[in-house]
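Just so it is clear: chains get the letters A, B, ... in the order the sequence lines come, proteins before strands, and each one is counted from 1.
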Amino acid sequence: MIVHKHPNGIFINNITDFDLEQTLDCGQCFRFSKTKDGGWYGFAGNRVLTLRSLNAGVLFENISLDDFEGFWRQYFDFDRDYAAIRSSFPDHPALRESTNFNRGMRILRQDSWETLISFIISQNNNIPRIKGIIERLCRAFGEQIANGFGFPSSTALSVLTKQDLEVLRCGWRTEYILDAAQKVSSGQVDLAEIAAMPLDHARKALQTIKGVGPKVAECVLLYGMGRMEAFPLDVWIKRAMKELFPGFTPQSFGQYAGIAQQYIFHYCRCNPESCRK
DNA sequence: GCCCAGGGAATCG
DNA sequence: CGATTCCATGGG
């Protein structure tokens, strides 16, 4: 990857394995959307970003080199070699098909708190509606940033009541959100500490929060704590494991199982017939 | 109208 | 332990 200053921000090229749609619309994050002119616009924590594909590269609009090097480089996981990771995967036709389908997908290294709340909201829910609930959460309780709103802090949410959260229309998940906010803001659950724990300890620690079970914990570890071996088993992946990878376990995919999982997840959602709906 | 969604808690046996 | 049931809401 080569990073250039550009009149409108930062331009990167000579990058392999990076496609905006495959990365920002593959179900790992909920705060980016396509703009009318074909770019992407969204938020990460209290940062806002507009980006677009341009001349075989990507333009990050209106940011400084410090913004890019100090935040977005890590956020987009640009220092990881995805081709090398793909070649570490077991040789399997369905896995090859999945990785060929969306080679430009990268795992975003999101904020752990934002990821925790986002995937609590995701449970037994569909992606368009998850996005709507998170948008209302930010609008009601987040800080205004540019034309939108940042993600509210655990402290901001910890002082709220169930009634306050009725504007979200997210059903029974409200008490899960409040429990998470209270435990994180009080320090009873320390997300930075959990991120550094051995995997099974980290799983158990996350599951002390109400509404966090095995699947949500796995998502927080993978998308919010950079633990690439974490392997969320949602309904799609369970279907794929049964139909396409009989005999496989998450460990069969190796040290970067979570990344394999994401290739498979997005492939199955875009090609439901091949995962036998 | 109906089925289902990036599940988890509570409650059985 | 595993299996079942209920949970609130609305997208497609």
Expressed in angstrom and rounded to an integer, what is the separation of F231(A) atom CZ from dG6(B) atom C1'?
13 Å
Less than 4.0 angstrom from a charged side-chain N to a carboxylate O is my criterion; do R52(A) and E61(A) meet it?
yes
Take a 6.0 Å sphere around CZ of R139(A) and say whether it holds more than 12 heavy atoms from other residues, nucleotides or ligands.
no
For dG11(C) and dG8(B), measure between their P atoms and round to the nearest Å.
23 Å
Of the nucleotides dC7(C), dG6(B), dG8(B), which one has an atom closest to the side chain of Q123(A)?
dG8(B)
From CA spacing to verdict: ring-ring contact (aromatic ring centres under 6.0 Å, His included), F76(A), F60(A)
CA-CA 12 Å; F76(A) 284 97; F60(A) 290 65; 5.6 Å; yes
Applying ring-ring contact (aromatic ring centres under 6.0 Å, His included) between Y223(A) and each of F119(A), F30(A), F265(A), report the one that passes.
F119(A)
Between S158(A) and T155(A), is there a side-chain donor-acceptor contact under 3.5 Å, judged purely by atom types and distance?
no
Protein-nucleotide distance (W172(A), atom CH2; dA5(B), atom P), rounded to Å:
13 Å
Base of dG8(B) paired with side chain of Q207(A) (donor-acceptor, under 3.5 Å)
no
Using whole Å, report how far CD1 of I209(A) lies from P of dG8(B).
12 Å
Stacked pair Y176(A)-dG8(B), distance under 5.5 Å, angle under 30°
no
With under 30° as parallel and over 60° as perpendicular, where do the rings of F151(A) and W113(A) fit, or are they tilted in between?
perpendicular
Measure the distance from NZ on K204(A) to P on dG8(B) and round it to the nearest whole Å.
16 Å
Is the number of heavy atoms from other residues, nucleotides or ligands under 6.0 Å of H6(A) NE2 greater than 12?
yes
Mind checking if R269(A) touches a base, just sugar-phosphate, or nothing, with heavy atoms under 4.0 Å?
sugar-phosphate
Below 4.0 angstrom, which residues in residues 25-35 of chain A have at least one non-hydrogen atom near DNA chain C?
none
Is S53(A) reaching over with its side chain to a backbone N or O of D19(A), donor-acceptor style, under 3.5 angstrom?
no
Shorter than 3.5 Å, N or O on both sides, protein versus nucleotides 10-12 of chain C: list them out with atom names.
from: dG10(C); atom 1: OP1; to: R169(A); atom 2: NE; distance (Å): 2.6
from: dG10(C); atom 1: O4'; to: R129(A); atom 2: NE; distance (Å): 3.4

Between S186(A) and K183(A) (side chain of the first, backbone of the second, donor and acceptor by atom type, cut-off under 3.5 Å), is there such a pair?
yes
At 4.0 Å (heavy atoms only), tell me whether Q261(A) reaches a base, stays on the sugar-phosphate, or touches nothing.
base
Over 60° means perpendicular and under 30° means parallel, so tell me whether Y75(A) and F71(A) are parallel, tilted or perpendicular.
parallel
How are the rings of F253(A) and F248(A) set to each other: parallel, tilted or perpendicular (split at 30° and 60°)?
tilted
Starting at CG of L165(A) and ending at C1' of dT9(C), how long is that distance when rounded to a whole Å?
15 Å
Could you list by number each residue of residues 97-115 of chain A showing a heavy-atom separation from DNA chain B of less than 4.0 Å, or answer none if no residue does?
none
Provide, to the nearest angstrom, the distance between the CH2 atom belonging to W236(A) and the P atom belonging to dC4(B).
11 Å
Which whole number of Å gives the distance between the C1' atom of dG6(B) and that of dA3(C)?
22 Å
In whole Å, what is the span from the CD1 atom of I177(A) to the C1' atom of dA8(C)?
12 Å
Identify all pairs in which a protein N or O lies below 3.5 Å from an N or O of nucleotides 11-13 of chain B, and state each distance.
none

For L65(A) and V3(A), which heavy atoms make the closest approach, and how far apart are they?
CD1-CG1, 3.8 Å
Apply salt bridge (Lys or Arg N to Asp or Glu O under 4.0 Å) to E97(A) and list each qualifying residue two or more places apart in sequence or on a separate chain.
none
What I want to find out is whether E218(A) reaches R227(A) closely enough, with some N-O distance under 4.0 Å, to be called a salt bridge.
no
Side-chain donor/acceptor of R80(A) to backbone N/O of D77(A), under 3.5 Å:
no
Of residues 212-225 of chain A, the positions that come close to DNA chain C - non-hydrogen atoms, cut-off under 4.0 Å
none
NZ/NE/NH1/NH2 to OD/OE distance under 4.0 Å, D79(A) and R73(A):
yes
Given the P atoms of dA9(B) and dG10(C), what is the spacing between them in whole Å?
23 Å
Should I130(A) and W40(A) be regarded as members of a common hydrophobic cluster, given that ILVMFWY residues are connected when their side-chain heavy atoms come within less than 4.5 Å of each other, either directly or indirectly?
no
Once you round it to whole Å, what is the distance between C1' of dA9(B) and CG of N124(A)?
13 Å
